[in-house]
There are 2 protein chains.
Amino acid sequence: MAKSDAATPRERYRAQVRAEIKQHAWEQIATAGASALSLNAIAKRMGVSGPALYRYFAGRDELITELIRDAYRSLADAVHAAAVTGADPAALAHVLRDWALADPHRYFLIYGTPVPGYHAPDEITGISQEIMADLLTAWTAFEPDVPASPFAAHLADHRDWAGDHPAPPGVLRRALAFWTRLHGVLSLELAGHFTGMGFDPALLFRAELDGLVGREG
Amino acid sequence: MAKSDAATPRERYRAQVRAEIKQHAWEQIATAGASALSLNAIAKRMGVSGPALYRYFAGRDELITELIRDAYRSLADAVHAAAVTGADPAALAHVLRDWALADPHRYFLIYGTPVPGYHAPDEITGISQEIMADLLTAWTAFEPDVPASPFAAHLADHRDWAGDHPAPPGVLRRALAFWTRLHGVLSLELAGHFTGMGFDPALLFRAELDGLVGREG
DNA sequence: CGCGAGGAGTTACAACTTCTAACGAACGCA
DNA sequence: TGCGTTCGTTAGAAGTTGTAACTCCTCGCG
């Protein structure tokens, strides 16, 4: 909502229509999932005829790519907003969970089954690294002296993903476990694999989190 | 391959054609993913015309449901085959990983983004419980006296998913963590979220597994 | 202020998809 | 040797994505 006054009226109009298309796309995804996203349906809802949308997006793939980018951006912003207030890992975990529960389809757009031909552009790996950086910073502040393990040593030797963040090996390991373990619980919960199992997914999430921050889970 | 000699020649033929359809479906899924599965393409490959397949499957959804069921069955069989030889949790973990790596799309068919309208039939939840039972048995044999935690107590009170398996609370907790943590690593690896990060996913998997079986990861 | 260029939206169409309906032919059981 | 079930076919409806060609409006420049 910042650089909307680009230059020419045409560009402003174009940006506005693109945003409107994306909004309708999100509504459609939120109700029926990404696989059910239909350009025709969006056009019909906007009171415009099918091929008109091709002025704004080269095709379904480009629209989805844009939505994935926006989803990453939204998650990175949510995490960063909490991180700048000095949130500890536990707080970040709940930011992540709240963000995921707010729109499961959006979470799956990022972390779900990959789209067959799609390959993430560099911009997205950049956003992904932003999230990682906030995670590493929070973990460094929370517990800088994690005892190193053999795998932590391996991470210290292969830290491309950490950019130039000065987190020690043990913290790298913690941040990675934070990501994979919480994703494990979240994705199974959102996919409905816990329904009918009886226990409370929120408590499982909390237990895994407690295990990560030191308390026994 | 057991009860193929059902009764009438027609039934045998029917079962054979259904199997052939599913085999082509698997090949198609393995190369392009489940979302790209096309009945028409299968028909063309079989040298038969489109609507002919509808004699064998009510529609795309029924075919996919059947494939999901087969995938579950395959995983349960793989786990069970290892379990009956007395495999410990670590061995089961590698069975799981090998099974997933052998055909990532098959793994995502089970644990990936849920299909919009699809709801798992009871048969599948049954197979899911078979897997859980083997897991619980392996964990019980490996480490029967896990110290209980608050969440383990919660699990002991909500053990619908464990059937009537006599695993103690601590083991329930371990088996659940086994599932969610390894899925966290596996799904991110298979979805390609580790590519370009530098470290070795196999080592991460091993590290998480080591954490579960007691050794420090 | 007026006019030309370019962008927006339109319809028409091609090539797909799933899936239904109606028909002929082949197969197996009695 | 029939006769009925089931198979596979073609035709077609209702979708989808995406291209091509055409009209019309609007913006910006002289």
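Protein chains get the first letters and strands the later ones, always in sequence-line order, with residue 1 at the start of each.
A salt bridge is absent between A/Arg45 and A/Glu20; no separation between the charged side-chain nitrogens and carboxylate oxygens falls under 4.0 Å.
You'll find that the side chain of B/Asn40 is closest to C/dT18, out of C/dA8, C/dC29, C/dT18.
Side-chain N/O atoms of A/Arg55 and base N/O atoms of C/dG9 include a donor-acceptor pair closer than 3.5 Å.
Look at A/Ser38 and you won't find any side-chain N or O under 4.0 angstrom from OP1 or OP2 of D/dG15. At the phosphate of D/dG8, OP1 or OP2 sits under 4.0 Å from a side-chain N or O atom of B/Tyr56. OP1 or OP2 of C/dG9 sits under 4.0 Å from a side-chain N or O of A/Tyr13.
Nucleic acid contact class of B/Arg10 (heavy atoms, under 4.0 Å, all strands): base. Heavy atoms of B/Phe57 sit nowhere under 4.0 angstrom from any nucleic acid atom.
With rounding to whole Å, B/Arg14 atom CZ is found 13 Å from D/dG8 atom C1'. In this structure, A/Leu63 atom CG and D/dT17 atom C1' are separated by 13 Å, rounded to whole Å. The interatomic distance linking B/Glu62 (CD) with C/dT20 (P) rounds to 11 Å, in whole Å. Rounded to an integer number of Å, the gap from CZ of A/Arg18 to C1' of C/dG7 is 15 Å. As rounded to whole Å, 14 Å separates atom C1' of D/dC7 from atom CD of B/Gln16. Rounded to an integer number of Å, the gap from B/Glu11 CD to C/dG28 P is 13 Å. In this entry the distance linking CD of A/Glu20 with P of C/dG9 reads 10 Å, nearest Å.
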(request) Give the intermediate values and the outcome of ring-ring contact (aromatic ring centres under 6.0 Å, His included) for residues B/Phe199 and A/His154. (result) CA-CA 7 Å; B/Phe199 62 85; A/His154 172 78; 7.1 Å; no

(request) In sequence, state the C-alpha distance, the side-chain angles, and the governing distance for B/Leu37 and B/Arg60, and then conclude on side-chain contact (heavy atoms from CB on, under 4.5 Å). (result) CA-CA 8 Å; B/Leu37 197 159; B/Arg60 216 184 87 112; 4.0 Å; yes

(request) Check the pair B/Phe178 / B/Leu209 against side-chain contact (heavy atoms from CB on, under 4.5 Å), numbers first and verdict last. (result) CA-CA 8 Å; B/Phe178 179 93; B/Leu209 176 57; 4.2 Å; yes

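Residues from residues 44-53 of chain B placing a heavy atom under 4.0 Å of any atom in DNA chain D, listed by number, are B/Val48, B/Ser49, B/Pro51, B/Ala52.
Take A/Arg14 and apply the salt bridge (Lys or Arg N to Asp or Glu O under 4.0 Å) test, not counting sequence neighbours, and it matches no residue.
Each of B/Ala41 and A/Val17 was assigned the nucleotide of DNA chain C with the nearest heavy atom; the assignment lying further toward the 5' end belongs to A/Val17.
In this structure, the separation between CG on A/Leu39 and NE2 on A/His24 is 13.0 Å, given to the nearest 0.5 Å.
Heavy atoms of other residues, nucleotides or ligands lying less than 6.0 angstrom from CD of A/Glu62 number more than 12.
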